[in-house]
Amino acid sequence: MNGPANPSVDLKAIDELRNLDDGQGEVLRQLVRMFVESAPGRIALIERGLATGDLKTSNHEAHSLKSSSANLGAHRMASLCQKIESAKTPEAASQVAALPMQLKAEFELVRTALAAFA
Amino acid sequence: MPKILLVEDATDFQLLVKETLSKSANVRIASTIAEARAALAKEKFELLILDLSLPDGDGMEFFSQMQGERLTEDTAVIFLTAKSETAMQVTAFSLGADDYVVKPFKPLEFRARVEAKLKKQAQLRQHETVLIRGDLRIELGKQRAFIVAGQDQEEKQALELTGREFKLLYHLAKNEGTVFSRDQLISAVWGSDVHVLDRTVDTHVYTLRKKLGPYSRYIESEVGMGYRLNSAKAPSGKRVA
């Protein structure tokens with residue numbers, strides 16, 4: 001197992017992805033790049049969706065980001081996305097309105113942890 | 001190599017699945033239900049890997065529609081989704097899904113699951129290597145077709161077919177009763193990457209019918225639609241060419 005210890009990213013998941021192309025790590029690098037490039041836009045859409053009541057968008061983006069982050073072992077980030085995805089009514093949405101801020105903060109930790117693999 | 005259609009809009013999972021299965025199969029990608037529908041109408045896949053949340057609809061509804069339209073009759077279906085609810089899994093299996101994999105998945109385990117499905121598909125296909133349709137016997141392994149007669153089919157008369165004619169006959173016989181458009185037949189017999197005129201299909205059907213002689217009636221034309229095989233048709237009084 002390589003890379004810095006960071007509780008935001010489960011290195012077991014990283015190792016599995018690294019072994020996909022016989023340890024070359026190119027697939028892992030591409031996945032990390034895609035994630036790091038797309039996540040800020042998705043978080044912005046989640047935030048806007050919750051703020052404007054467009055829950056279809058916030059649910060959809062949270063669902064996508066949940067999969068992508070869990071895939072890279074970013075389980076805390078995936079868990080935050082799961083909570084947002086579950087908010088399907090305006091009442092539930094108001095209860096998770098603060099989560100995009102936490103999501104942004106968690107993403108920064110994840111990004112730092114993944115930098116070693118990009 | 002077997003062919004897999006992955007219906008998935010997330011580019012990271014497209015990459016991940018493609019790389020995971022690159023040694024086991026040719027993976028084609030459809031990002032939407034519309035793209036998947038077009039691909040399935042054009043060619044056969046051994047396996048369909050289907051996400052549930054797609055930009056133009058719900059993967060489960062699409063699967064249900066495909067079952068009704070017999071689009072995935074010989075195709076195994078695996079759902080690959082982040083939705084882990086038991087109710088979703090039960091619905092998928094009750095609709096006829098072969099497997100349900102929750103994201104994130106372990107690549108090596110996923111590859112093993114897919115390879116197991118592909119192996120099962122190949123075994124099922126092996127049982128279909130000899131087709132009996134009315135008085136026709138079609139042997140896929142030897143690429144030969146015969147007119148057979150007698151109760152134990154002891155009298156066999158070989159049909160001298162070209163490779164394309166054999167493929168055409170086999171495709172129609174394997175899917176007896178289904179009307180295929182000329183485009184579908186081109187895709188099944190010539191492949192999807194070649195340019196073949198509709199007329200070519202008609203020409204091959206003509207020569208195939210001629211070689212079938214009294215059994216030419218087995219190949220029926222549906223005006224404006226295409227061709228199908230119907231072995232319930234009685235042969236005419238003519239001799240085989």
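Since we're looking at a predicted model, the values are computed, not measured.
There is no contact between A:Ser64 and chain B, counting heavy-atom distances below 4.5 Å. Neither the backbone nor the side chain of A:Asp21 comes within less than 4.5 Å of any heavy atom in chain B. For B:Lys83, the parts lying near chain A are the backbone and the side chain together; criterion is any non-hydrogen pair under 4.5 Å.
Enclosure of atom NZ in A:Lys88 by more than 12 non-hydrogen atoms of other residues, nucleotides or ligands within 6.0 angstrom is indicated. A:Arg48 CZ: 12 or fewer foreign heavy atoms inside a 6.0 Å radius. Other residues, nucleotides and ligands contribute more than 12 heavy atoms inside 6.0 Å of the NZ atom of B:Lys3. Around atom CD of B:Glu85, more than 12 heavy atoms belonging to other residues, nucleotides or ligands sit under 6.0 Å away. When the shell of 6.0 Å around CE of B:Met225 is examined, it contains 12 or fewer heavy atoms from other residues, nucleotides or ligands.
The structure places NE2 of A:His60 at 5.5 Å from CG of B:Asp9, a figure rounded to the nearest 0.5 Å. Distance check: B:Glu109 CD to A:Glu16 CD gives 8.5 Å after rounding to the nearest 0.5 Å. Annotation: the span from B:Leu15 atom CG to A:Glu26 atom CD amounts to 9.0 Å, rounded to 0.5 Å.
When every heavy atom of B:Asp12 is checked against every heavy atom of A:Leu31, the shortest pair comes out as O-CD2, 3.2 Å.
Put simply, of A:Leu28, A:Leu20, A:Leu72, the one with the most heavy-atom pairs under 4.5 Å next to chain B is A:Leu20. Counting heavy-atom pairs closer than 4.5 Å to chain A, the top residue among B:Ala10, B:Ser22, B:Ser53 is B:Ser53.
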Subject >> Step-by-step side chain to side chain contact (heavy atoms under 4.5 Å, CB included) determination, B:Lys103 to A:Lys66 >> reply: CA-CA 9 Å; B:Lys103 295 175 189 170; A:Lys66 177 182 76 177; over 6 Å; no
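Contact of the A:Leu17 side chain with the B:Leu16 side chain is registered, since non-hydrogen atoms from C-beta on lie closer than 4.5 Å.
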